[in-house]
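Here's the structure, in structure tokens; my notes come after.
Letters go in sequence order (proteins before strands), and every chain restarts at 1. The structure displayed is predicted, hence computed values, not measured ones.
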Amino acid sequence: MSSSPLPPASALLHWYDRHRRALPWREAVRDPYRIWLSEVMLQQTTVAAVTPRWRRFLIRFPSIAALAAAPWEDVAAEWAGLGYYARARNLHACAQAVAARNGFPDTVEELRALPGIGAYTAAAVAAIAFGRPVVPVDGNVERVTARLHAVEEELPGARPRLSGLASRWMEQDAARERPSDFVQALFDLGATICTPRNPACALCPWQAECEGRRQGIAPSLPRKAPKRDRPTRLGVHFLLRDGAGRMLLQRRPPRGLLGGMLGLPGTPWRESGWTPEEAITYAPAPGLDWHALPGEARHGFTHFELRMTLLTAEAPPGLEVGGEWWRPDAAQDALPGAMQRLLLLAEAAAAMASRPPRAG
DNA sequence: AATTCGGGGCC
DNA sequence: GGCCCAGAATT
């Protein structure tokens, strides 16, 4: 397998010149800030989800200096709903580090040392923004490589082997002349031809060199180790409203799940349930008249399924509680998805109360 | 080496 | 309902 000939970079580049995706971060002059931002947003996130958020982010933070100078609260609000919030924290820290040194470094090693930039993103920025002849290995490249070389070893164990095989592609002159286009061509090949299911091998510029296709096992690659089952966790949250219709939000601890983001106060999330008496001890003002809203909000995280119920109360004038008072519409935009679902639950309960459902 | 991090789109 | 997505940091 390691002795198989390299698939021709020239064929892939020729295909890319005709079929590449029109993506917004490919339009402008090569700006490391814009390319870095796209790469961070695209970590474990689809192009469709990223595209509008990437545009909006650049309107709010047009330069890395603007991002570096912004308060964290503004960055968090802009990232809300995108997930993996450590990315936003590291993005902010990275912007400050880059601004302090007057621009991005242009080598893999220096990029790799910045917050939130791992092996993949360092190689991607180096190749796409600075034309360095390196191959970033993402899910697309792993899949293309596993199929091309018929690697049957399971992920994640096969990762070093796949990375080594992929890096050899950049040895060709045609690739080294256009590193930025070549690596993006690999992404597009994986996203549009060499797809996880039902790959369009008949349209592939590398079909003749693909050992997985020759063996008829391409669609089943790469193989992956079985995943663990996701437990269910339960939590109770508190919707405290003041006389002006605003709600109490609290900034979550800076690390861990939803770290640094706003949220409704609540109990910890655990696998056993909560009695109302037990839950209320976590309330921002346990002495108030808390009552339960009907229904629950569900939210899927990567490693557990969360089910949340809601207790609500009215804050008397002058109540002293920690946190911030937010209008519901502004809060909905600034909250991560799990917390947005709680507000939707409250809205549904309010609609139910004002217009009781009829039978039939 | 394994775990912890979100959320959405698509089959 | 499961799978995947231009992964990184932590332990």
Taking the C1' atom in each of C:dA8 and B:dG9, what is the distance between them to the nearest angstrom?
23 Å

Toward the 5' end of DNA chain B, by each residue's nearest nucleotide, A:Gln340 or A:Pro156
A:Pro156

Are A:Gln43 and A:Tyr120 close enough that a side-chain donor and a side-chain acceptor fall under 3.5 Å?
no

What does A:Trp79 touch in the nucleic acid at a heavy-atom separation under 4.0 angstrom: a base, only the sugar-phosphate, or nothing?
nothing

In plain terms, say whether A:Glu305 and A:Arg307 are close enough for a salt bridge, that is, a side-chain N and a carboxylate O under 4.0 Å apart.
no

Whether the A:Arg87 and A:Thr45 side chains hold a donor-acceptor pair (N or O, under 3.5 Å, no angle test) is what I'd like checked.
yes

Quick check on DNA chain C: between A:Pro115 and A:Gln184, whose nearest nucleotide comes earlier from the 5' end?
A:Gln184

For A:Tyr85 and B:dC5, what is the distance between atoms OH and P respectively, to the nearest whole Å?
14 Å

Ranking A:Arg197 and A:Gln44 by the position along DNA chain B of their nearest nucleotide, the one closer to 5' is A:Gln44

Do A:Thr46 side-chain and B:dG8 base share a donor-acceptor contact under 3.5 Å?
no

Under 4.0 Å, counting only non-hydrogen atoms across every strand here, what does A:Pro336 touch: a base, just sugar-phosphate, or nothing?
sugar-phosphate

So what does A:Pro196 touch, heavy atoms closer than 4.0 Å: a base, only the sugar-phosphate, or nothing?
sugar-phosphate

Can you tell me if the side-chain N/O atoms of A:Gln43 get under 4.0 Å from OP1 or OP2 in C:dG7?
no

Mind checking if A:Arg112 touches a base, just sugar-phosphate, or nothing, with heavy atoms under 4.0 Å?
sugar-phosphate

